[in-house]
Number of protein chains: 2
Amino acid sequence: MSLTNHQFLLARRPQGTVQRSDFDYAAVPVPALADGELLIKLEYISLDPAMRGWMNASEDSYIPPVAIGEVMRAIAVGQVVESRHAGFAAGDYVNGLLGVQEYAVSRGQGLTKVDPKLAPLPLYLGALGMPGLTAYFGLLDVGQPKAGETVVVSGAAGAVGAVVGQIAKIKGARVVGIAGGADKCRYLVDVLGFDAAIDYKRENVAQALREHCPQGVDVYFDNVGGEILDAVLNRLALNARIVICGAISQYNNTTPVRGPANYLQLLVKRATMKGVMVSDYYPRAMEAIVAMGGWIREGKLKTREDVVQGLDTFPETFQKLFDGSNNGKLVLQVARG
Amino acid sequence: MSLTNHQFLLARRPQGTVQRSDFDYAAVPVPALADGELLIKLEYISLDPAMRGWMNASEDSYIPPVAIGEVMRAIAVGQVVESRHAGFAAGDYVNGLLGVQEYAVSRGQGLTKVDPKLAPLPLYLGALGMPGLTAYFGLLDVGQPKAGETVVVSGAAGAVGAVVGQIAKIKGARVVGIAGGADKCRYLVDVLGFDAAIDYKRENVAQALREHCPQGVDVYFDNVGGEILDAVLNRLALNARIVICGAISQYNNTTPVRGPANYLQLLVKRATMKGVMVSDYYPRAMEAIVAMGGWIREGKLKTREDVVQGLDTFPETFQKLFDGSNNGKLVLQVARG
């Protein structure tokens with residue numbers, strides 16, 4: 001049996017928005033396994049904003065950049081089709097950094113087994129995966145919302161933001177989401193139970209924050225950076241906590257990142273701005289998964305996945321994160337249905 | 001006895017650098033005291049960077065702006081010359097928000113008695129006053145340096161920075177100061193005992209930080225903002241703490257404040273940026289004054305005041321804070337010697 005693996009290799013460092021020409025779409029034979037290796041057939045690939053950063057030649061990041069000619073890095077879930085590794089058997093489902101490709105050969109490092117009978121596979125890339133852990137620990141460990149406080153989250157309809165807002169509601173906070181578009185804003189309020197939503201594409205965010213956060217913002221969970229971060233900085237309550245999770249508005253910049261010009265409000269409001277890195281919390285992952293699994297079963301935590309079919313659509317599908325056209329956790333299904 | 005009071009009234013909101021024409025220099029009669037009032041003859045007026053902010057019409061600050069036509073706000077020490085207040089007697093020395101003027105009438109609110117036999121009066125405006133408390137609590141409460149860690153302070157030869165660096169040394173940290181000019185840098189290392197100093201006017205700060213902070217920066221006490229803040233953000237150690245005390249490089253801007261473009265390093269380095277406001281610590285002032293008084297007596301904490309004579313020189317003397325020509329805590333002596 002000779003298998004062919006299709007894979008996206010990083011061909012050059014994107015300038016601004018990612019283009020198909022930034023990648024080579026290659027077809028290569030799947031190699032024979034050595035002892036200690038296993039072969040995984042990928043089913044769903046997670047598309048996350050952080051991947052845009054991994055494509056840059058940054059020296060100062062938390063993880064080395066993807067090398068030119070290397071398979072594009074991505075988290076994915078797939079099924080073991082062959083194993084010469086004692087810990088994994090054919091038929092097992094696993095989650096890990098498997099790359100944007102059809103098949104991955106692994107030595108088992110960083111793989112977690114997942115059970116498709118407990119939850120649909122894409123959920124392990126969303127609320128029960130990296131975005132969910134980011135939301136859970138970023139909000140509860142760094143943001144530390146108290147009942148009755150006001151929590152604002154940007155990118156609120158995204159994979160992280162939607163979970164942040166719902167956990168904040170579960171903890172008794174008043175929650176305001178910022179998202180792009182009337183549909184997303186309606187979803188936040190009507191389906192997820194947010195107290196209010198601000199459509200940054202049509203509303204004046206500063207004015208809407210004054211209206212919806214009359215006592216100021218106690219916790220701001222920032223996924224977007226840029227102008228929205230500056231608007232929230234001007235609306236902080238005393239002793240506010242800002243969780244810096246990402247800055248999707250800045251990731252495609254060809255000019256330097258826009259720093260938050262209103263950062264001196266940290267001084268005026270005795271506020272804290274702190275970065276959260278999900279990998280720091282992996283040893284505590286079970287705590288979050290147990291809690292969120294329970295909330296999902298109880299119907300308190302709703303999830304939504306935007307599944308796009310076809311590995312070959314990767315460059316264009318990835319772009320949905322940045323033009324805001326995804327609805328919920330963006331996932332690439334490797335096979336076409 | 002009819003006394004005349006000379007005072008600087010804010011005539012208009014300065015655009016950029018403060019000009020003499022931004023003030024009215026008025027001579028008015030000292031009014032007769034009512035019951036509960038006391039009259040203070042000012043001896044030394046503290047000139048602090050924060051005063052520049054008080055001149056702006058900002059809505060979002062921690063204190064209302066000085067109104068047009070009002071005496072310019074300033075901390076000062078002076079002697080009570082007449083009292084109809086039970087808590088103060090003629091001859092007492094007091095410290096408080098007395099304004100840029102020769103005489104102040106007060107009802108006693110916010111006044112602290114000081115003893116010129118324990119320390120020279122200008123010291124109550126520096127290490128034993130607001131700048132000293134800012135340094136003490138900002139560094140120890142927010143920065144929390146541990147022995148062996150690397151502490152960087154900007155504006156290091158200024159009233160706050162020089163105290164920050166010396167306390168960090170007392171606590172066993174490695175201390176690097178950033179200041180403008182070879183004389184100031186020599187003073188930091190040779191007199192105050194800093195481990196290294198960076199002359200931002202002549203050196204590449206990013207490169208000098210790499211050299212002097214090979215393990216990264218654990219605590220950064222920021223008095224200046226702007227490019228230097230961005231350079232330190234790129235040199236943070238894991239779990240670094242940034243104390244935002246001020247941003248003197250930005251106070252005379254006629255364009256918006258430059259936000260820290262490298263703030264996403266907070267995420268990469270799991271770092272915290274927090275504002276410090278000295279007034280929050282006034283209830284704990286005695287703790288700091290006892291500690292710093294002891295260190296001064298033991299010769300571990302050295303202080304330097306730059307005393308300029310003549311109330312009438314206020315607008316030009318104030319400018320020394322921003323062109324960096326002051327050496328140590330800038331104080332205006334009301335009388336000419």
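Letters A, B, ... are given to chains in the order of the sequence lines, protein chains preceding strands, and every chain is numbered from 1. As the structure is a computational prediction, the values presented were derived from the model and not from experiment.
Only the side chain of D222(B) has a heavy atom closer than 4.5 Å to any heavy atom of chain A. With a 4.5 Å cut-off on non-hydrogen atoms, L229(A) touches chain B through its side chain but not through its backbone. Neither the backbone nor the side chain of N253(A) comes within less than 4.5 Å of any heavy atom of chain B.
Contact detail for G225(B) and Y263(A): the closest heavy-atom pair is CA-OH, 3.4 Å.
Of the listed residues (K269(B), Q265(B), R270(B)), just one forms a side-chain contact (heavy atoms from CB on, under 4.5 Å) with Y62(A), and that residue is R270(B).
With respect to chain A, the highest number of heavy-atom pairs below 4.5 Å among G246(B), A261(B), A247(B), P260(B) belongs to P260(B). The candidate with the highest count of non-hydrogen atom pairs below 4.5 Å against chain A, out of V243(B), V257(B), I242(B), I63(B), is V257(B). Chain B forms the most heavy-atom pairs under 4.5 Å with one residue out of P256(A), C245(A), G259(A), and that residue is G259(A).
Within residues 272-283 of chain A, the residues having any heavy atom closer than 4.5 Å to a heavy atom of chain B are T272(A), M273(A), K274(A), G275(A), V276(A), M277(A), S279(A), D280(A), listed by residue number. Inspection of non-hydrogen atoms places no residue of residues 212-221 of chain A under 4.5 Å from chain B.
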Q | L264(A) and I244(B): CA distance, side-chain angles, deciding distance, side-chain contact (heavy atoms from CB on, under 4.5 Å) verdict | A | CA-CA 8 Å; L264(A) 290 172; I244(B) 298 293; 3.9 Å; yes
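Atom CD of E227(A) has 12 or fewer neighbouring heavy atoms from other residues, nucleotides or ligands inside a 6.0 Å radius.
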